[in-house]
Number of protein chains: 2
Amino acid sequence: MALPPPPDSHLADRGAEPAPERIAAELIAVIVAVTEGAPRVLTLAGAALPSGPFASEHRSLQAALRAWVEHQTHHPLGYVEQLYTFADRDRAAEAGERVVSVSYLGLTREARAAAQAGVSWQDLYRYFPWEDRRDPHAALAPVLAQGLRSWAGDAPDAMLRWERGTRVAIAFGLDGRPWNEELALQRYETLWEAGLVPEAGGTAAPGEPMVHDHRRILATALARLRGKIKYRPVVFELMPPAFTLGQLQAAVEALAGRRLHKQNFRRLVEQQELVEETGGVTAETRGRPARLFRFRREVMAERAVSGSKLPLVR
Amino acid sequence: MALPPPPDSHLADRGAEPAPERIAAELIAVIVAVTEGAPRVLTLAGAALPSGPFASEHRSLQAALRAWVEHQTHHPLGYVEQLYTFADRDRAAEAGERVVSVSYLGLTREARAAAQAGVSWQDLYRYFPWEDRRDPHAALAPVLAQGLRSWAGDAPDAMLRWERGTRVAIAFGLDGRPWNEELALQRYETLWEAGLVPEAGGTAAPGEPMVHDHRRILATALARLRGKIKYRPVVFELMPPAFTLGQLQAAVEALAGRRLHKQNFRRLVEQQELVEETGGVTAETRGRPARLFRFRREVMAERAVSGSKLPLVR
DNA sequence: CCTTTTATGCTCATATGGAGCATGATAGGA
DNA sequence: TCCTATCATGCTCCATATGAGCATAAAAGG
């Protein structure tokens with residue numbers, strides 16, 4: 001049985017082929033925390049994500065990641081989730097070297113000091129300034145809007161112009177369309193294709209670049225986290241043992257990059273019975289003191305059972 | 001800088017270490033179709049998922065997968081999605097051999113005949129009989145219910161008994177809890193842990209086993225697909241160009257493993273403007289003839305913009 | 001003509017999400 | 001001391017989405 005040109009068939013006669021090619025495998029970690037209302041990410045010198053090789057000694061991919069991250073941050077990684085695996089040709093490190101990179105998203109709380117040289121927490125929006133829409137007056141930077149529009153307008157044929165136009169409009173919430181925070185990855189990819197980010201040779205876009213495709217991986221993590229936060233109680237991994245609903249809301253807003261309706265946010269959290277009062281109150285500087293709450297870990301198991309969205313018959 | 005025991009640090013001084021270990025990488029494909037109301041999966045001799053090596057010639061992981069699957073099925077893989085990457089120690093093929101496996105989910109329509117020897121389409125529920133709840137009277141097989149209950153009851157201490165008990169109840173919809181079709185993976189994993197599947201040495205559970213961890217990967221795919229089908233119009237990848245709403249519903253029911261409320265299903269599909277009439281009608285054997293519809297591909301881009309679930313402020 | 005079967009149209013009650021009014025509690029001045 | 005700015009909390013109102021059925025239409029087969 002013949003398979004497509006590149007690889008030989010492995011569908012049936014598995015014995016009749018040469019030993020499979022060996023390549024290197026590495027793990028890349030996007031470790032996120034929220035500190036005082038600011039989303040933070042663990043970096044190396046502010047330009048690379050922590051990464052490490054995967055070796056035979058490791059029990060599993062996740063075990064490997066957990067091991068060195070916990071050693072690194074001295075904080076248990078409560079929530080760890082596999083993000084995506086890349087092996088694009090342009091990621092080849094040295095000549096012809098092929099690497100498979102498995103990326104993970106981890107949630108934790110910021111440790112006081114990054115022990116190792118170069119290891120530091122950075123504001124996530126340093127890399128994606130356009131993703132922070134918490135300021136109600138925030139709009140897409142003119143440089144970006146301009147660059148995107150001309151990219152769409154410069155397409156060779158009408159069909160492509162239309163495609164790029166709607167793609168930009170949907171991703172960036174232009175032409176009256178709503179802003180969708182979950183499209184963080186599409187936005188970064190569109191900026192790349194439009195040649196607006198430094199990694200793609202552009203200079204127009206604001207935001208710090210990172211090595212290799214690390215900024216893309218970071219965008220993947222942001223998009224995933226923004227989606228997940230809506231149907232799984234993962235924010236709590238980022239909170240201290242006791243917190244006020246205001247702080248909880250601030251953490252969600254930090255990640256979502258948008259403002260939420262305060263009263264409705266409380267209603268949501270309370271009616272889902274995600275939290276319970278500790279009994280204490282905060283001694284904030286201003287305003288009425290807020291009650292302290294703690295996360296009800298018990299709901300974790302149940303909360304997987306969310307909405308159905310399908311018209312079931314009972 | 002020292003990192004956790006196993007791997008040497010790669011967080012900072014990256015130059016000062018031995019060349020990273022080389023391992024083999026492979027792709028595993030879960031190709032799904034729905035034929036006459038039955039969910040189908042492409043297999044090798046009914047006991048293995050198609051898999052192939054990843055080689056340097058490939059542009060990317062997805063490109064590699066697409067290439068050989070399309071060659072194999074002679075059908076374009078409309079929808080392809082990365083599922084998960086495994087490298088568990090117990091997956092080691094030969095002695096000490098470490099393999100990283102990247103699994104993908106692909107949706108297509110069943111080709112007339114699997115050209116290659118051994119390649120065949122199988123009913124998905126052959127591997128997970130307990131996942132098909134389309135028959136309203138279907139209940140969990142007594143063997144399973146019994147096995148799960150004794151596993152929970154046989155736990156050494158009370159705490160563990162309680163944990164297993166609620167876990168089983170949630171996953172399998174026992175003790176008055178609702179059945180959640182999306183928990184397909186948790187169910188398979190629970191059966192494994194309870195030692196009820198052949199792969200784990202058990203004999204109690206019905207359902208055909210597969211080689212290695214392929215049945216687990218299949219369960220991962222089923223769970224992912226059942227979740228996705230609710231907020232993305234992916235079913236259409238499985239439908240012919242023109243179809244009736246009844247057929248569309250049957251396809252969704254085949255994947256979800258449950259019956260849907262017919263009138264509400266139509267309302268959902270129509271109000272979301274996912275389809276448009278072709279003008280024709282079917283000549284079915286019984287009942288009133290149904291109008292034919294086609295999928296409105298234009299909505300694909302937009303439909304990413306779904307519900308917010310967060311109390312935004314405008 | 002009557003029964004069975006699948007397709008379609010519509011209605012009604014309830015749940016959920018979006019907005020905003022009103023009041024309670026504190027800190028910091030004027 | 002009183003007024004204001006700031007948050008925290010309680011509640012109400014409304015539009016829409018979702019869950020359940022009732023009723024009718026349009027075929028095939030006795």
Side-chain angles (χ1 to χ4, degrees), chain A residues 36-37 134 136 178-181 229-231 242-253 256 258-293 303 305-314, chain B residues 36-37 134 136 178-180 230-231 242-253 256 258-293 303 305-314:
Chain A
E36 290 171 35
R134 281 175 294 176
W179 173 265
N180 184 342
E181 67 281 351
I229 214 174
K230 291 172 184 166
Y231 62 99
F243 48 84
T244 69
L245 294 184
Q247 291 166 341
L248 183 64
Q249 183 179 343
V252 174
E253 290 179 332
R258 328 187 42 165
R259 289 276 167 224
L260 306 182
H261 184 285
K262 195 193 295 201
Q263 299 93 316
N264 290 347
F265 178 78
R266 307 179 128 268
R267 179 175 65 185
L268 200 69
V269 172
E270 288 176 333
Q271 84 183 8
Q272 293 195 147
E273 301 183 298
L274 293 172
V275 300
E276 62 191 0
E277 285 189 59
T278 66
V281 291
T282 41
E284 295 283 284
T285 37
R286 25 147 145 278
R288 171 176 171 175
R291 286 178 291 173
L292 285 170
F293 293 83
R303 275 293 160 277
V305 193
S306 63
S308 85
K309 280 284 183 187
L310 282 182
L312 298 175
V313 67
R314 308 276 161 115
Chain B
E36 290 171 35
R134 282 175 293 177
W179 173 264
N180 183 343
K230 291 173 184 167
Y231 62 98
F243 47 83
T244 69
L245 294 184
Q247 291 166 340
L248 183 65
Q249 182 178 344
V252 174
E253 290 178 334
R258 330 186 41 165
R259 290 275 166 225
L260 307 182
H261 184 285
K262 195 192 298 200
Q263 299 94 317
N264 290 346
F265 178 79
R266 311 179 125 267
R267 179 174 65 185
L268 201 70
V269 172
E270 288 176 333
Q271 84 183 9
Q272 292 193 152
E273 300 183 299
L274 293 172
V275 299
E276 62 192 1
E277 284 189 59
T278 65
V281 292
T282 41
E284 296 285 283
T285 37
R286 27 147 140 275
R288 171 176 170 176
R291 286 176 291 172
L292 286 170
F293 293 83
R303 274 296 162 278
V305 194
S306 64
S308 83
K309 278 284 181 183
L310 282 184
L312 297 176
V313 67
R314 304 283 162 106

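Throughout, protein chains are lettered first and strands after them, A, B, ... in sequence-line order, and every chain is numbered starting at 1.
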Provide, to the nearest angstrom, the distance between the CZ atom belonging to B/Phe265 and the P atom belonging to D/dT18.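 Going from CZ in B/Phe265 over to P in D/dT18 covers 13 Å.
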Side-chain donor or acceptor of A/His261 under 3.5 Å from a matching atom on the base of C/dG20?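 Indeed there is one.
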Partner set under side chain to side chain contact (heavy atoms under 4.5 Å, CB included) for A/Ala290, not counting sequence neighbours: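 With sequence neighbours excluded, A/Ala290 shows a side chain to side chain contact (heavy atoms under 4.5 Å, CB included) to A/Thr244, A/Thr282, given in chain and number order.
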What residues, two or more places apart in sequence or in another chain, satisfy side chain to side chain contact (heavy atoms under 4.5 Å, CB included) together with A/Gln263? A/His261
Where the side chain of A/Ala290 is concerned, which of D/dA26, D/dT9, C/dA25 is the nearest nucleotide? D/dT9
Can you name the residues that form a salt bridge (Lys or Arg N to Asp or Glu O under 4.0 Å) with [X], not counting sequence neighbours?
X: B/Arg291; value: B/Glu277
X: B/Arg134; value: B/Asp132
X: B/Glu276; value: B/Arg294, B/Arg296

Sorted by chain and residue number, the side-chain hydrogen bond (donor to acceptor under 3.5 Å, both in side chains) partners of A/Arg259 (sequence neighbours excluded) come out as A/Glu253
Distances for protein N/O vs nucleotides 28-30 of chain D N/O pairs under 3.5 angstrom?
none

For nucleotides 9-12 of chain C, list the nitrogen or oxygen atoms of the protein found under 3.5 Å from its nitrogen or oxygen atoms, one pair per line.
residue	atom	partner	partner atom	Å
C/dG9	OP1	B/Arg291	NH2	3.4
C/dG9	O6	B/Gln263	NE2	3.3

Are B/Lys262 and C/dA7 close enough that a side-chain N or O sits under 4.0 Å from OP1 or OP2?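 True: B/Lys262 side-chain N/O within range (under 4.0 Å) of C/dA7 OP1/OP2.
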